[in-house]
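Since the structure comes first, as structure tokens, the remarks are kept for the end.
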Amino acid sequence: MSWRDAVRPVRMQRIALVGPCTHQRDFLDRLSSTGVVELDPVRPDIELAVVADRQPDWSDRELELRRRTAQAVPHGPVTALLGWTPAAALSEVTEALTPAGGAAVPLPPPPGVQPPTLLRQRGRGRSFEVLVQTYTTVPYADIDPALVAGLAYVAMFGMMFGDVGHGLLLLLGAVIVRSGRFARLAKLRPAWPFLAGAGVASIAFGVLYGEMFGPTGLIPVVWLSPVDDVIPLLLTALGVGAVLLGGAYGLGIVNRFREGGWAFALYARTGIAGALLFLALGCVAGGVYFGSGWLLVGAVVLGVAGLVLTFLGLLAATGGGGAGVLQAIVELFDVVVRLGSNVVSFARLAAFGLTHAALGAIVWQGTVALWDSGSVPGRLGAGLVLIAGTSIAFALEALVAGIQALRLEYYELFSRVFDTDGRPFRPWRLPAEDTEVTS
């Protein structure tokens, strides 16, 4: 599978399912057994008519069969149903329907109708799908950012939870979850790579920070100490945020092009127009920091172009007119203000990284103070403070870092990657036969 296929939803095919009127039930039963066809929803008038005629002895399976037979469009000796199936499964559907005298006929997709989305399963990388699925269903035209989003998430988590000891505990948790030895954790098993990635990121930043269950001195500071070097940490967090936002704009441009062509990609606030405003903000920051007049001139050019394109896109969305112009101006102001606040929002990477390190330092200082007392009760208390304090800091900070990384992922990144919602592919199946247990 090429990388292009790996990041795109499965290609769907619009089909007409044609079968003889005399074998409709056998036809529907065989169609259900394939498990790869999504039928169009039953029209409300058909649903009302079937429910009104329902008899007390009808099972759920019988009711669904009658819904679909009523929905089928007759044409001479055959009837037809419409639906969607993965293009690669078309031959499988035809093969299943042939014994009942049926066939699956490919059709062009109807204009203005979005096909359902079926994401490809990619081994361990699929554990990151939960990040996207809890935000939205990837639109059929868009690329699936799950793997990139997962890597960004664990990197942000690690920056806020940088500690070698705590990262090793996360890795231990990943091993336990993967082992499957605890029934209560069975549902979490598919997510073990996610947990392991967070552990690796935490260890990496812990090495950079010189943190192992706090500033214990067990490992040296390779890069900086979050408690002592707050400003460099803050600037780094903003730089990381700028890179992630740039990547989100890049994915957004690709998705806008796939959704509506170059015109949509050019004028969309999450497309080229928004990216120009973002680049203008970056040039302003670079011009001030390096004292470069050329960067400031570039910022003006990019900013004006971005403002004009964004305004035109917003105006087109409102439909024009005086009210439309006013609405577009207000929305443009909101876009500009939010752009700056989105970058600043990544300062939380430094803030919570500092909080995590400060809690570790407090626990370690308390432990050292009790241990240096030299008494047996003092040293027992030191052990208790170390274990209890580390446990509390680990649980609290893991929760906070996880929530904050998720917040950045959703509100700052996904809001640029996605501009609309998709709908998931739901294969049609008949309910199971009712069985009666007799004694």
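Both backbone and side-chain heavy atoms feed into the values below; hydrogens, waters and symmetry mates do not.
- Residues V10 and L119 fail the side-chain proximity criterion, which asks for heavy atoms closer than 4.5 Å.
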message: Under the criterion side-chain hydrogen bond (donor to acceptor under 3.5 Å, both in side chains), I'd like the reasoning laid out for S345 against E412: C-alpha separation, chi angles, the key distance, then a yes or no.
response: CA-CA 8 Å; S345 185; E412 318 303 344; 3.2 Å; yes
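- Remark: side-chain polar atoms of S391 are paired, donor with acceptor, to backbone N or O of I387 under 3.5 angstrom.
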- request: May I have the step-by-step check of ring pair (Phe, Tyr, Trp, His ring centres under 6.0 Å) for W84 and F425, ending in yes or no?
  value: CA-CA 8 Å; W84 298 92; F425 175 68; 9.4 Å; no
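- Considering all non-hydrogen atoms of both residues, T310 and L332 come closest at CG2-CD1, 3.7 Å.
- The aromatic ring centroids of F161 and F352 lie 6.0 Å or more from each other.
- Atom CG of residue L406 and atom CD1 of residue I403 lie 8.5 Å apart, to the nearest 0.5 angstrom.
- With a 6.0 Å radius and a threshold of 12 heavy atoms from other residues, nucleotides or ligands, R67 has its CZ atom above the threshold.
- Put simply, the side chain of Y140 reaches to within 4.5 Å of the side chain of R11, judged on heavy atoms.
- When all heavy atoms are compared, the tightest approach of T117 to V138 is OG1-O, 2.6 Å.
- Judged by distance alone, with hydrogens and angles left aside, the side-chain atoms of T134 form a donor-acceptor pair with the main-chain N or O of L131 at under 3.5 Å.
- The heavy-atom pair separating M160 from A405 by the smallest distance is CE-N, 3.6 Å.
- In this structure, S415 and Y410 have side chains that are not in contact, with every pair of non-hydrogen atoms separated by 4.5 Å or more.
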- request: Give the intermediate values and the outcome of side-chain hydrogen bond (donor to acceptor under 3.5 Å, both in side chains) for residues R68 and Q71.
  value: CA-CA 5 Å; R68 295 304 174 176; Q71 181 189 18; 2.6 Å; yes
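- Of the possible polar contacts, one joining the R189 side chain to the R178 backbone as a donor-acceptor pair under 3.5 Å is found.
- The nearest pair of heavy atoms linking L295 to G286 is CD1-C, 3.6 Å.
- Residue F333 holds its CZ atom at 14.0 Å from CG of L314, rounded to the nearest 0.5 Å.
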Identify all side-chain donor-acceptor contacts of residues 353-368 below 3.5 Å with residues at least two apart in sequence or on another chain.
{"unit_1": "T355", "atom_1": "OG1", "unit_2": "A351", "atom_2": "O", "d": "2.9"}
{"unit_1": "H356", "atom_1": "NE2", "unit_2": "H166", "atom_2": "ND1", "d": "3.0"}
{"unit_1": "T367", "atom_1": "OG1", "unit_2": "V363", "atom_2": "O", "d": "2.8"}

Residue pair W262, I272: steps toward the side chain to side chain contact (heavy atoms under 4.5 Å, CB included) verdict: CA-CA 9 Å; W262 281 115; I272 295 174; 4.2 Å; yes
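- Enclosure of atom CD in E95 is not indicated, since only 12 or fewer non-hydrogen atoms of other residues, nucleotides or ligands lie within 6.0 angstrom.
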field: Pair D419-N255, side chain to side chain contact (heavy atoms under 4.5 Å, CB included): steps then yes or no
entry: CA-CA 8 Å; D419 195 54; N255 284 342; over 6 Å; no
field: Stepwise side-chain hydrogen bond (donor to acceptor under 3.5 Å, both in side chains) check, D421 with T137
entry: CA-CA 6 Å; D421 294 326; T137 297; over 6 Å; no
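- Taking 4.5 Å as the limit, every side-chain heavy atom of L39 sits out of range of all side-chain heavy atoms of L82.
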field: F346 vs V240, side chain to side chain contact (heavy atoms under 4.5 Å, CB included): CA-CA, chis, key distance, verdict
entry: CA-CA 8 Å; F346 282 90; V240 169; 5.5 Å; no
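- Summarising the local packing, OH of Y267 is surrounded by 12 or fewer heavy atoms from other residues, nucleotides or ligands at distances under 6.0 Å.
- Counting heavy atoms from C-beta on, the side chains of L296 and V300 never come closer than 4.5 Å.
- D372 has no carboxylate O lying under 4.0 Å from a charged side-chain N of R379, or vice versa, which leaves the two without a salt bridge.
- Between the side chain of T94 and the backbone N or O of L90, at least one donor-acceptor pair lies under 3.5 Å.
- Distance alone, capped at 3.5 Å, places no donor-acceptor pair between the T216 side chain and the F213 backbone.
- Y153 and F157 have parallel rings, their planes meeting at less than 30° on a 0 to 90° scale where 60° marks the start of perpendicular.
- Between E331 and F311 the shortest side-chain heavy-atom distance does not fall below 4.5 Å.
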query: Which is it for L302 and F278 under the side chain to side chain contact (heavy atoms under 4.5 Å, CB included) test, yes or no, and what are the steps along the way?
result: CA-CA 9 Å; L302 292 173; F278 177 71; over 6 Å; no
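- To the nearest 0.5 Å, atoms CZ (F418) and OG1 (T136) are separated by 6.5 Å.
- Put simply, the side chain of I15 does not reach to within 4.5 Å of the side chain of L107, judged on heavy atoms.
- Annotation for P232 and L224: closest pair CB-CD2, 4.0 Å, computed over non-hydrogen atoms.
- Around CZ of R407, the count of heavy atoms belonging to other residues, nucleotides or ligands within 6.0 Å exceeds 12.
- Interatomic distance, CG of D163 versus OG1 of T390, reported as 8.5 Å (0.5 Å rounding).
- With rounding to the nearest 0.5 angstrom, the CG atom of L349 is 5.5 Å from the CG atom of L408.
- Under the 30°/60° scheme for interplanar angles, the aromatic rings of F128 and F194 are found to stand perpendicular.
- Minimum interatomic distance between L245 and V343 (heavy atoms only, all atoms of both residues): CD1-CG2, 3.6 Å.
- Contact annotation: the side chain of P116 approaches that of M12 to within less than 4.5 Å [non-hydrogen atoms, C-beta and beyond].
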task: Would you sort out whether E38 and R429 count as a salt bridge (Lys or Arg N to Asp or Glu O under 4.0 Å), showing the intermediate values?
output: CA-CA 9 Å; E38 178 188 285; R429 289 184 176 88; over 6 Å; no
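- Looking at R258, its side chain does come within 3.5 Å of a backbone N or O of A141 through a donor-acceptor pair.
- Using modelled atom types, one side-chain atom of S32 and one backbone atom of L430 make a donor-acceptor pair closer than 3.5 Å.
- To the nearest 0.5 Å, atoms CZ (F394) and CG (L170) are separated by 4.5 Å.
- Around CZ of R43, the count of heavy atoms belonging to other residues, nucleotides or ligands within 6.0 Å does not exceed 12.
- The closest side-chain donor-acceptor pair between R256 and T270 falls under 3.5 angstrom.
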